[in-house]
Amino acid sequence: MTMPNETTPMKIASVADDRPVDLGPVRQEAYDWIVRFMAGHMTPADVAVMKAWYRQSPEHRSAYAEARRVWQSLGPIASESRRSADDRQVIPMARAAPRRSPAMPSRRLFLGGALAAASVACVAIRPPLDLWPSYTELMADYRTGAGERRQVQLSNHVALDLNTKTSIAVRTQSPMATEIEMLSGEAAISTAASESPLTVVAANGRVITTNAEFNLRCDGGQASISCLKGQLNVARDGQSMALTDGQQVTYGSQGMGAVAAIDPASITAWQQGVLTFDATPVHQVISELNRYRPGRIVLMNGDIGRRLLNARIKIAETDKIIVQIVQIFGAKARELPGGVVFLT
């Protein structure tokens, strides 16, 4: 599905210009939806309403794409960074529900926030503000938020256990065959013995099986498939690999890797509500924690990021890792609104 056009620049006046930006009702509604999501007030029913709003017209889709792009530049980090720089009050970012005529954001806010966000981007590989659903996530049939799990009985033969921040779209579902796409995230997938094949599309590859239990994780263009029970076939770019109990294969832009042995208990620990890190670099630990908690942990110390950490924690207690990093490695933690934490 084609992404909406996100190239139209916003018109911004000088810093001294505090006049409201006239967004218009549709564009303002788009901002309200994203702000409401960031405030943590979105239920599955709300997401369904937002999808219906989004599909009304090309104008609605374009407004959503623009709002998401702008808030990705402003966001809670930008607001807090700007307050620290000039001791101004953080601008409230949560509203109860979309409405037609809220107060318009000033031109000073847009430019000041964008400058602050640019300074943050200089100390991170990418802006750590992926706090709202992307276009593809918004179009998913099944989706989980940060720290959320969801079990879906897709049919008599197919069951899904969705881990945190996972988006699944159903492409085809019939008695003859089922095909789904993992847009992002992780899921434990099981199929009962049947002549009807299940195909899972992820990161430009395919997993096909008629009777298996497996774990699939998709991070951007990288996918990792772990066969827990049964047999399945993994294919990508003309390469094909058969997996059976206790085997894993990973593929991405560099092609398909070799089959490796796995510890099934470690792969499925998330289903028991546990995260385990065994001599794992801190920057990888933080990347994993960011999948399970609202907000964002931003590591700004490369030396600490390369240190190794051993830990086993409950998913509901992920912030305990922040305390360990502070105590063990001498990091300094600064908490900002919206669950954002800077580690320096």
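No side-chain donor-acceptor contact under 3.5 Å links Gln248 to the backbone of Ile225. The backbone N or O of Leu154 lies less than 3.5 Å from a partner atom in the side chain of Gln173, making a donor-acceptor pair. Of the possible donor and acceptor atoms, one in the side chain of Thr280 sits under 3.5 Å from a partner among the backbone N and O of Asp278. Side-chain atoms of Asp219 never come within 3.5 Å of backbone atoms of Gln222 as a donor-acceptor pair (strictly under, hydrogens ignored). Between the side chain of Thr166 and the backbone N or O of Asn163 there is at least one donor-acceptor pair closer than 3.5 Å. Under a 3.5 Å cut-off, the side chain of Arg149 and the backbone N or O of Thr164 do not form any donor-acceptor pair. Although no hydrogens or angles enter the test, the distance criterion places a donor-acceptor pair under 3.5 Å between the side chain of Gln247 and the main chain of Thr244. Looking only at distances, no side-chain donor or acceptor of Ser62 sits under 3.5 Å from a matching main-chain atom of Pro58.
The pair Arg291-Glu186 counts as a salt bridge, with a side-chain nitrogen and a carboxylate oxygen less than 4.0 angstrom apart. Ionic pairing of Lys165 and Glu148 is not present here: no N-O contact between side-chain nitrogen and carboxylate oxygen is shorter than 4.0 angstrom. With salt bridges taken as basic N to acidic carboxylate O contacts below 4.0 Å, one links Glu288 and Arg217.
Between the side chains of Thr172 and Glu179, not a single donor N or O lies within less than 3.5 Å of an accepting N or O. Side chain to side chain, Trp270 and Asn215 meet the donor-acceptor criterion of an N or O pair below 3.5 Å. A donor-acceptor pair shorter than 3.5 Å can be found between the side chains of Asn233 and Ser240.
Through chains of ILVMFWY side-chain contacts below 4.5 Å, Ile267 is grouped with Leu228, Ile262.
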Legend entry - Trace of the side chain to side chain donor-acceptor pair (under 3.5 Å) decision for Ser190 with Glu213: CA-CA 4 Å; Ser190 62; Glu213 295 178 10; 5.6 Å; no

Inset, instruction - Would you sort out whether Thr318 and Arg293 count as a side chain to side chain donor-acceptor pair (under 3.5 Å), showing the intermediate values? - result: CA-CA 7 Å; Thr318 52; Arg293 63 185 299 280; 4.5 Å; no

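Here the shortest heavy-atom pairing between Thr276 and Arg312 reads OG1-NH1, 3.1 Å.
The stretch residues 227-240 participates, sequence neighbours left out, in no salt bridge (charged side-chain N to carboxylate O under 4.0 Å, His left out) pair at all.
Remark: Arg307 pairs with no residue by the salt bridge (Lys or Arg N to Asp or Glu O under 4.0 Å) rule, at least two apart or across chains.
Taking CG of Leu243 as the start and CG of Leu232 as the end, the distance is 5.0 Å to the nearest 0.5 Å.
Between Tyr54 and Tyr64, the angle of the ring planes goes over 60°, which puts this pair in the perpendicular group of the 30/60° scheme.
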